[in-house]
Engineer: 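Pasting in a structure now, in structure tokens, and then I'll have a few things to ask.
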Protein chains: 2
Amino acid sequence: MDTDQIATVRAFNRAVTRRIGALDDCYLDRELPLPAARLLFEIGPRGAELRELRARLGLDSGYLTRLLRRLRAAGLIRSGRAARDRRVRRAEWTAAGRREARALDRASDTLARGVLEPLPPASRARLVAAMAEVTRLLRAGAVTVAVEPPGPEAEACVAAYFTELAGRDARFDAERIRKLALDRLHPPHGALVMARLDGAPVGCGAVSVTNGAAEIKRVWVHPDARGLGVGRRMLALLEASAVALGAGVARLDTNRTLTEARALYLSAGYREVPAFNDEMFADHWFEKALPTGAG
Amino acid sequence: MDTDQIATVRAFNRAVTRRIGALDDCYLDRELPLPAARLLFEIGPRGAELRELRARLGLDSGYLTRLLRRLRAAGLIRSGRAARDRRVRRAEWTAAGRREARALDRASDTLARGVLEPLPPASRARLVAAMAEVTRLLRAGAVTVAVEPPGPEAEACVAAYFTELAGRDARFDAERIRKLALDRLHPPHGALVMARLDGAPVGCGAVSVTNGAAEIKRVWVHPDARGLGVGRRMLALLEASAVALGAGVARLDTNRTLTEARALYLSAGYREVPAFNDEMFADHWFEKALPTGAG
DNA sequence: CCATATCTCTGACTTTGGTCAGATGATGCG
DNA sequence: CGCATCATCTGACCAAAGTCAGAGATATGG
């Protein structure tokens with residue numbers, strides 16, 4: 001990483017805080033102070049539980065209570081206890097709260113428009129495209145990849161994977177695929193890897209080791225997070241986990257419609273081999289020797 | 001401007017304040033509070049007058065004094081009266097102040113590096129390129145174009161123009177070009193237009209009207225601000241000024257090496273005509289009928 | 001030299017944003 | 001039931017950031 005790149009990032013930071021920083025200050029023009037406005041926004045049209053708000057915004061619990069009291073006094077929200085656990089409270093917009101949130105939303109739109117307005121249409125399109133790219137790549141940098149115990153979020157990822165496969169390959173039927181037993185996703189038999197962005201899952205992958213051979217399955221990346229190296233990072237972690245579990249070789253199969261995945265496997269050092277299983281919707285089989293745990 | 005574009009700008013804003021906003025918070029880790037750190041930075045290696053600092057940072061004069069007192073107490077700056085006017089004070093870094101500023105600088109670099117670090121090199125290059133584009137276009141949107149009385153900054157622009165011409169066309173010699181008399185840049189004979197970004201000049205252009213014919217000259221845009229429509233905006237304002245001064249036709253000549261300028265003139269409705277003057281380094285002559293002042 | 005304007009400094013004050021320790025009330029486990 | 005735990009609430013407290021009115025020093029025009 002050279003100093004030019006660093007300088008570009010810093011120039012970017014300066015330019016953005018100068019021109020776009022005002023987008024946040026728009027809240028200042030209204031009667032709500034900024035953290036209260038952000039909170040109102042975060043509550044959203046469907047309401048939210050306080051513990052979640054606290055986590056998302058990183059607020060002190062006392063501070064949060066105070067902010068909410070203010071919003072309640074202004075008639076913008078009402079709060080009550082959550083149905084499932086009467087210790088936790090939920091906050092919800094009132095009609096006035098909905099109006100206020102919409103007004104803040106419009107103010108934000110106006111300021112965003114002000115950024116584009118002075119530019120001729122061609123530059124405007126270029127700016128929007130560049131902003132989208134920056135947004136995407138900044139998010140990519142914030143994706144974390146880690147081994148996790150299986151849970152409902154992992155199941156949701158796998159379900160999304162199957163839905164996508166069904167959309168690409170008309171033969172596919174999630175009911176007829178070999179199930180992965182839950183205990184194969186825990187040590188010493190295997191591991192589950194999740195990719196997350198700000199806590200929300202954006203990818204998954206599983207590895208299961210049998211007699212020194214690791215089988216990698218269910219590797220999927222959310223469409224919004226593709227092309228950012230998330231798949232490669234998950235694959236690397238799956239292989240490392242396999243090594244840690246004593247595997248000397250990694251195998252995987254894939255559907256012919258998943259061309260991006262095939263390219264990833266090839267570039268990660270896998271070579272195509274004859275079918276090593278009878279997975280119903282597999283069209284290609286790959287294998288790669290893993291480094292030994294000691295090396 | 002469609003809603004997709006607005007949404008992209010807003011998503012960008014959110015992503016950036018989340019990931020890059022931390023760049024400013026880096027000051028929080030140090031012992032200096034944020035405004036004091038910014039102030040220290042703004043004083044710069046050559047020192048600065050308080051009135052200028054106040055204007056640049058938009059600070060209350062009392063507040064500024066307090067911040068400076070703090071910096072002085074910490075041994076980071078010293079201050080004295082300005083030579084030219086003993087009412088105004090100057091602030092300057094001490095050796096310790098220089099060290100502190102460098103440390104802040106390094107902290108900023110580290111955080112900028114942290115933005116790029118998690119990305120693979122290809123994505124990193126894409127991010128840097130997109131950031132540069134965003135920076136450039138945001139700046140473009142902040143460029144102002146206005147008629148101004150001539151001054152030293154306009155002269156500096158013209159000098160830069162001549163330097164550039166000399167670099168492109170070996171024949172060129174600034175000494176042998178027709179001079180523009182100063183009174184031709186004021187009403188009722190003409191006008192000077194300047195383009196500025198945050199107060200600093202990034203372009204100039206002059207128009208001088210004789211017997212109902214406007215001659216447009218010295219149209220130049222700083223290399224960093226090209227391709228952003230600044231030239232077009234200046235040209236439009238020059239034509240409007242010409243109309244206001246009673247011109248019915250605009251004429252201009254240009255050097256053959258300035259191909260971008262020629263494209264601009266053609267797309268702005270000018271057509272090439274035979275030479276109407278004997279300007280030594282002109283190769284092309286253009287003309288355009290101007291709308292009447294009444295219409 | 002006077003009146004007026006300009007620039008800086010000072011002290012009093014306010015708002016904002018935030019932390020912390022402990023009280024209160026609901027839940028779940030044995 | 002008794003107790004530990006959890007989520008929230010409350011009040012006390014704090015620093016940072018900023019505003020304001022006015023005092024004091026210096027310049028400038030007449």
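The shown structure was predicted, so the numbers you read here are calculated from the model rather than taken from an experiment. Below, chain A is the first sequence line, B the second, and so on; all start at residue 1.
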Engineer: Do any side-chain atoms of residues 130-147 of chain B form donor-acceptor pairs under 3.5 angstrom with protein atoms, and if so which ones, sequence neighbours left out?
Structural biologist:
residue: B:Glu133; atom: OE2; partner: A:Arg126; partner atom: NE; Å: 3.1
residue: B:Thr135; atom: OG1; partner: B:Met131; partner atom: O; Å: 2.7
residue: B:Arg136; atom: NH1; partner: B:Arg226; partner atom: O; Å: 3.2
residue: B:Thr144; atom: OG1; partner: B:Arg196; partner atom: O; Å: 3.4

Engineer: Starting at atom CZ of B:Arg81, determine the distance to atom P of C:dC7, rounded to an integer number of angstrom.
Structural biologist: 13 Å
Engineer: Write down the distance between CZ (A:Arg90) and P (D:dA7), rounded to a whole number of angstrom.
Structural biologist: 16 Å
Engineer: Any side-chain heavy atom of B:Glu155 within less than 4.5 Å of one from B:Pro150?
Structural biologist: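 Not in contact.
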Engineer: Tell me: CG of B:Leu34 to C1' of C:dT16, nearest whole Å?
Structural biologist: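 Going from B:Leu34 (CG) to C:dT16 (C1'), I get 15 Å.
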Engineer: Give, ordered by number, those residues of residues 70-79 of chain B having at least one heavy-atom distance below 4.0 Å to an atom of DNA chain C; if nothing qualifies, reply none.
Structural biologist: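 Nucleic-acid contacts, sorted: none.
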Engineer: Do you know which two heavy atoms are closest between A:Ala91 and A:Leu68, and how far apart they sit?
Structural biologist: CB-CD2, 4.3 Å
Engineer: Any salt bridge (charged side-chain N to carboxylate O under 4.0 Å, His left out) involving residues 52-71 of chain B? Give me the pairs, sequence neighbours left out, ordered by first then second residue.
Structural biologist: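 Residue pairs passing salt bridge (charged side-chain N to carboxylate O under 4.0 Å, His left out), neighbours aside: B:Glu42-B:Arg56, B:Glu52-B:Arg56.
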Engineer: Under the rule for side-chain contact (heavy atoms from CB on, under 4.5 Å), what residues qualify as partners of B:Ala73, not counting sequence neighbours?
Structural biologist: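 Per chain and number, B:Ala73 pairs via side-chain contact (heavy atoms from CB on, under 4.5 Å) with no residue.
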Engineer: Using nucleotides 18-22 of chain D, report all nitrogen or oxygen pairs with the protein that are shorter than 3.5 Å.
Structural biologist:
residue: D:dG18; atom: OP2; partner: B:Tyr63; partner atom: OH; Å: 3.0
residue: D:dT19; atom: O4; partner: B:Arg66; partner atom: NH2; Å: 3.4

Engineer: Between B:Trp220 and B:Ala159, is there a donor-acceptor pair closer than 3.5 Å when you use the side chain of the first and the backbone of the second?
Structural biologist: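 Side chain of B:Trp220 to backbone of B:Ala159, a donor-acceptor pair under 3.5 Å: no, none is there.
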Engineer: Can you sort out the partners of B:Arg99 under side-chain contact (heavy atoms from CB on, under 4.5 Å), two or more places apart, ordered by chain and number?
Structural biologist: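 B:Arg99 satisfies side-chain contact (heavy atoms from CB on, under 4.5 Å) with B:Ala95, B:Ala96, B:Arg102 only.
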Engineer: Nearest heavy-atom pair of A:Val230 and A:Ala225: which atoms, and what distance?
Structural biologist: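 Shortest heavy-atom separation between A:Val230 and A:Ala225 comes out as CG2-O, 3.8 Å.
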Engineer: Do you know which two heavy atoms are closest between A:Met234 and A:Ala195, and how far apart they sit?
Structural biologist: SD-CB, 3.8 Å
Engineer: Which pair of heavy atoms, one from B:Leu192 and one from B:Ala154, lies closest together, and at what distance?
Structural biologist: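 Smallest heavy-atom distance, with atoms named: CD2-CB, 3.6 Å.
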Engineer: For DNA chain C, what residues of residues 42-57 of chain B have any heavy atom nearer than 4.0 Å?
Structural biologist: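 Nucleic-acid contacts, sorted: B:Leu50, B:Arg51, B:Arg54.
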Engineer: For A:Arg89 and C:dA26, give me the distance from atom CZ to atom C1', rounded to whole Å.
Structural biologist: 12 Å
Engineer: Please list all pairs meeting salt bridge (charged side-chain N to carboxylate O under 4.0 Å, His left out) that have one or both residues in residues 71-81 of chain A, counting only residues at least two apart or in different chains.
Structural biologist: A:Arg78-A:Glu92
Engineer: Output all residues satisfying side-chain contact (heavy atoms from CB on, under 4.5 Å) with A:Ala55, sequence neighbours left out; order by chain, then residue number.
Structural biologist: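 side-chain contact (heavy atoms from CB on, under 4.5 Å) list for A:Ala55, sorted by chain: empty.
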Engineer: Do you know which two heavy atoms are closest between A:Leu245 and A:Ala191, and how far apart they sit?
Structural biologist: CD1-N, 4.4 Å
Engineer: Using the test side-chain contact (heavy atoms from CB on, under 4.5 Å), find all partners of A:Leu67 that sit at least two apart in sequence or belong to another chain.
Structural biologist: A:Pro35, A:Ala36, A:Leu39, A:Leu59, A:Tyr63
Engineer: Quick one: does any side-chain atom of A:Arg124 pair with a main-chain N or O of A:Leu116 as donor and acceptor, under 3.5 Å?
Structural biologist: yes
Engineer: Starting at CG of B:Leu67 and ending at C1' of D:dA16, how long is that distance when rounded to a whole Å?
Structural biologist: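 Whole-Å distance recorded here is 10 Å.
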Engineer: Produce the list of close N/O pairs, under 3.5 Å, pairing protein atoms with atoms of nucleotides 27-30 of chain D; give distances to one decimal.
Structural biologist:
residue: D:dA27; atom: OP1; partner: B:Arg86; partner atom: N; Å: 2.8

Engineer: Note down the inter-axis angle between the two ends of the helix from C:dC1-D:dG30 to C:dG30-D:dC1, five pairs each, to the nearest 10°.
Structural biologist: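 So the angle between the two local helix axes works out to 10°.
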